[in-house]
There are 4 protein chains.
Amino acid sequence: MAPLNDEQLSQIRDERRIQIMGAALRVFARRGIIGTKMSMIAAEAGISHGLLYHYFTSKEELFTTLVQGAMEASQEAMKEVYRFPGTPLDRIRRLSEEMLDKSGALYFLLIHQARTSEGVPDKVNQLMRDYSLDTYVEELLPLFREGQERGELDAGDTEEMIASYISVLSGLMVVTADGNDDYRIPPVDRLLRMITKR
Amino acid sequence: MAPLNDEQLSQIRDERRIQIMGAALRVFARRGIIGTKMSMIAAEAGISHGLLYHYFTSKEELFTTLVQGAMEASQEAMKEVYRFPGTPLDRIRRLSEEMLDKSGALYFLLIHQARTSEGVPDKVNQLMRDYSLDTYVEELLPLFREGQERGELDAGDTEEMIASYISVLSGLMVVTADGNDDYRIPPVDRLLRMITKR
Amino acid sequence: MAPLNDEQLSQIRDERRIQIMGAALRVFARRGIIGTKMSMIAAEAGISHGLLYHYFTSKEELFTTLVQGAMEASQEAMKEVYRFPGTPLDRIRRLSEEMLDKSGALYFLLIHQARTSEGVPDKVNQLMRDYSLDTYVEELLPLFREGQERGELDAGDTEEMIASYISVLSGLMVVTADGNDDYRIPPVDRLLRMITKR
Amino acid sequence: MAPLNDEQLSQIRDERRIQIMGAALRVFARRGIIGTKMSMIAAEAGISHGLLYHYFTSKEELFTTLVQGAMEASQEAMKEVYRFPGTPLDRIRRLSEEMLDKSGALYFLLIHQARTSEGVPDKVNQLMRDYSLDTYVEELLPLFREGQERGELDAGDTEEMIASYISVLSGLMVVTADGNDDYRIPPVDRLLRMITKR
DNA sequence: TATGAATGAGTGTTCATTCAT
DNA sequence: GATGAATGAACACTCATTCAT
């Protein structure tokens, strides 16, 4: 029989890569880079551990690839806010809701793992420096400034306000992201009180 | 030198145990149970790794002992709030400051590790169930109720308010506890706005 | 295109086999049986690694086939000497030159690999016993005897002389066969002094 | 009971190192760096494989250490020749006998493995460059020169003579070093004929 | 025939734990 | 009590071999 053509092979490869990255994300996010065994990822993806190495040269590379993707995605998500409708406060509310919504939680957990684990590849540490909190603060600065000018947001140091708010959101995502219900995500309106004008 | 009597020996034993537990706390809190090698704890404690096994039968037991202690201590800390002076709001402010102050951060990080790591001993999981968020909520309920009655705190579902507030504090402790400055602890007054009457 | 007929197919098969064996020889000779990966042979032959298994059932079989061929060829080469022109000494000189000339070096290296590697198939070990040094000695005995009778070669134990001389040649081939210039092939005349009459 | 004192520990360590290096030499020399499994060395040394790593950080380090030792020892052995009694030819005879005597054969095989294997650590390749054949040629130059002046050795290019002679000896050591009797070590007098005056 | 995705046994290395001293 | 040598289970990764296409 004829061998598969390039297009078919390429499709198989792409699908496998996505399948593996999905599985790896779920495991890495929960267990961190050290706690994650390649065999766990293989089992989660439903393939043999050997096959992982056809697609990623090492555990480190797989982890790094995921982190890079997560950082870019989170950066992108931050920019989304400017496409939301409504006043600055409406937009911040929407951004908060989307962040706390479980959909992106695994990515946040992954980034938290990357930030706090010790045995992390150099490249990941570099990424962490590249995408620090400051990047997000800068991105959101115009939005929050406008909110202050309109009188929706509290006056004062805008950058502190943003950094504080994002830190709170991040912390909540981290502690609530894994399945456990030990913690509780507050209603968004309660969170917004931290920054709205009284 | 005369041989030590039983009491002295017992005291050495206790001191060693404390020394080891302190070292273990510092390492476990930062690196989690899997990321922590017994040799790291030994090095941190300044003893040989063999000696660890005279005081704790295994890494798991050491971890479990620490978690148990941490949970009891955090429970205790919660009760402290009733010994603080001032109005309920004053007390909540003081409680917040103490939690976010680094002193107890290691214990919180350790508990977070215990809560989120997967390879954790069963006994630890049991402890987690015993000391859920609800325990803290109950403990603080009288204080927050009083705050609401006095008009210092916002009205509404008290338990939600407490759970939300503690979750925010916990999240902040977790993301800021290790050395990294990627996140920022907000000023306590900003946090209190979440729960104070406007 | 019309399907190939049996004969053509058979020829393709033979050509492929030869192509693969040539590639395998080059790789095995340099790297030994353990150091050689099937993928290296495939790359050297310019085919996919899967295809190797259409022609040889295993790495061992491929290696064994090559060794067998090499032994037969070397046996054959030894017989060549009787077709060379000139006196016995002339012929021994010519034999020496041809052996030390790189052309057959890969075969010798391969045989050396087979002789010294441990993880070698049983069949190869059998071949080694079948084609021991004695075989060569016997083959060359008439030639060297004639040389002695003519007074070209030193008198004495002919078999020792041959075995010694071949061992020296073999040793030289082995240490100089791979690209490295760490060793030096002596001029043939210097080697011949070991056996010529003074 | 008191722990072992430093001296005892140091002695245990030294003995173990020697024991391991001996075992490793035997296995590496025969099977090369790729063909040698750490478990083989452990078995040969009669210890667990884990213990190897208390003494050598990796297979590469162990191999490199051995090669370095072997090169230094062979260098040293070459210098020995000047302490032998007798004429230059006597000394060369003695040197030849000692080289072909099995005692140092494993070291030579090891060096041959290092020279010809491909998966060899960089440091080993560096050592190979540092201790090339030239080094030995230089070392022996005065001796051979004296032999020529005295009329014991053939006239002509001294360096070629030495390089040729050492190459022949090396080749013989390599092909005869492993247990097999397929090759035969010639009587030293036969070898000497290559370089002596007729 | 030909390809390369897929599998799993095997190897290097780490580290919790044991134990002689 | 205290030390560190010693063991072996566990894990990252490689590669011979199989097989669907």
Side-chain angles (χ1 to χ4, degrees), chain A residues 1-6 8-10 12-13 15-16 34-42 46-62 119, chain B residues 3-4 8-9 12-13 16 34 36-42 47-60 62, chain C residues 3-4 8-9 12-13 16 33-34 36-42 47-60 62, chain D residues 1-6 8-10 12-13 15-16 34-42 46-62:
Chain A
M1 238 176 293
L4 297 174
N5 63 38
D6 284 0
Q8 289 170 309
L9 284 174
S10 168
I12 289 178
R13 284 191 75 82
E15 282 171 10
R16 272 275 186 261
I34 316 180
T36 296
K37 314 301 168 197
M38 287 301 259
S39 59
M40 293 173 184
I41 298 176
I47 61 175
S48 72
H49 67 271
L51 190 54
L52 290 179
Y53 292 89
H54 281 249
Y55 293 91
F56 296 91
T57 56
S58 68
K59 186 162 104 165
E60 290 206 347
E61 194 217 326
L62 179 48
Chain B
L4 301 175
Q8 287 171 312
L9 280 176
I12 288 179
R13 243 193 114 73
R16 269 275 191 259
I34 312 181
T36 296
K37 321 292 168 214
M38 288 300 261
S39 59
M40 292 172 183
I41 297 175
I47 61 175
S48 74
H49 64 270
L51 191 52
L52 291 180
Y53 290 88
H54 281 257
Y55 295 92
F56 297 91
T57 60
S58 69
K59 189 162 100 163
E60 292 206 343
L62 178 48
Chain C
L4 301 175
Q8 287 171 310
L9 280 175
I12 288 179
R13 243 194 114 72
R16 270 274 191 258
I33 187 169
I34 312 182
T36 296
K37 321 292 168 213
M38 289 300 262
S39 59
M40 292 173 182
I41 298 175
I47 61 175
S48 74
H49 64 270
L51 192 52
L52 291 179
Y53 291 87
H54 282 257
Y55 295 92
F56 298 91
T57 60
S58 69
K59 187 162 101 164
E60 292 206 345
L62 178 47
Chain D
M1 236 174 296
L4 298 174
N5 62 39
D6 284 0
Q8 289 168 310
L9 285 175
S10 168
I12 289 179
R13 283 193 74 83
E15 281 171 10
R16 273 277 186 258
I34 315 181
T36 296
K37 314 301 168 196
M38 289 300 261
S39 58
M40 293 173 183
I41 298 175
I47 60 175
S48 74
H49 66 271
L51 191 55
L52 291 178
Y53 291 88
H54 281 249
Y55 293 91
F56 297 89
T57 57
S58 68
K59 187 162 104 165
E60 290 206 347
E61 194 217 325
L62 179 48

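- Protein atom CG of D/Leu52 is 12 Å distant from nucleotide atom C1' of F/dT7, rounded to whole Å.
- In this structure, the NZ atom of B/Lys59 is 16 Å from the P atom of E/dT14, given to the nearest Å.
- Place C/Glu60 and B/Tyr55 on DNA chain F by their nearest nucleotides, and B/Tyr55 ends up nearer the 5' end.
- Shown here for C/Thr36 and C/Lys59, the closest heavy-atom pair between the two residues is O-NZ, 2.7 Å.
- Atoms CZ (D/Phe56) and C1' (E/dG12) sit 16 Å apart, rounded to a whole Å.
- D/Ile34 places its CD1 atom 15 Å from the C1' atom of E/dG10, with the value rounded to the nearest Å.
- Which of F/dC13, E/dA6, F/dC11 sits closest to the side chain of A/Lys37 comes down to F/dC11.
- Comparing D/Ser58 and A/Gly46 by the nucleotide of DNA chain E that holds the closest heavy atom to each, the one mapping nearer the 5' end is A/Gly46.
- A/Tyr53 places its OH atom 6 Å from the P atom of F/dA12, with the value rounded to the nearest Å.
- C/Thr36 comes within 4.0 angstrom of sugar-phosphate atoms only, judged by non-hydrogen atoms across all strands, and of no base.
- Taking CD1 from A/Ile34 and CD1 from B/Ile34, the interatomic distance works out to 8.0 Å, rounded to the nearest 0.5 Å.
- The nearest whole Å value for the distance from the CD1 atom in D/Ile12 to the C1' atom in E/dC19 is 13 Å.
- A/Glu61 has its CD atom 10 Å from the P atom of F/dC13, to the nearest Å.
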- Message: Please evaluate residues D/Tyr55 and D/Leu51 with respect to the criterion side-chain contact (heavy atoms from CB on, under 4.5 Å), reporting the C-alpha separation (whole Å), side-chain torsions for both, the decisive distance (0.1 Å), and the verdict.
- Response: CA-CA 7 Å; D/Tyr55 293 91; D/Leu51 191 55; 3.7 Å; yes

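- The D/Arg13 side chain lies nearest to F/dA5 when the options are F/dA5, E/dT13, E/dA2.
- Candidate nucleotides F/dA2, E/dA6, F/dT7 were compared by shortest atom distance to the side chain of D/Ile47, and F/dT7 ranks first.
- Summarising the geometry, the separation between NE2 on D/His54 and P on E/dA16 is reported as 12 Å, rounded to the nearest angstrom.
- Side-chain atoms of B/His49 stay outside donor-acceptor range of the base of E/dA16, with no qualifying N/O pair under 3.5 Å.
- Of the listed nucleotides (F/dG8, F/dA2, E/dT14), F/dG8 has the atom at the smallest distance from the side chain of D/Ser48.
- The partner of E/dA16, taking Watson-Crick or G-U wobble pairs whose two distances both stay under 3.5 Å, is F/dT7.
- If you check F/dT14, E/dA5, F/dA2 against the side chain of B/Leu51, the one that comes closest is F/dA2.
- Comparing D/Met38 and B/Gly50 by the nucleotide of DNA chain E whose heavy atom lies nearest to each, the residue mapping closer to the 5' end is D/Met38.
- Distance check, rounded to the nearest 0.5 Å: CG of B/Leu62 to CD1 of B/Ile41 gives 5.0 Å.
- For the residue pair B/Ser58 and B/Met38, the shortest heavy atom distance occurs at C-CE, 4.3 Å.
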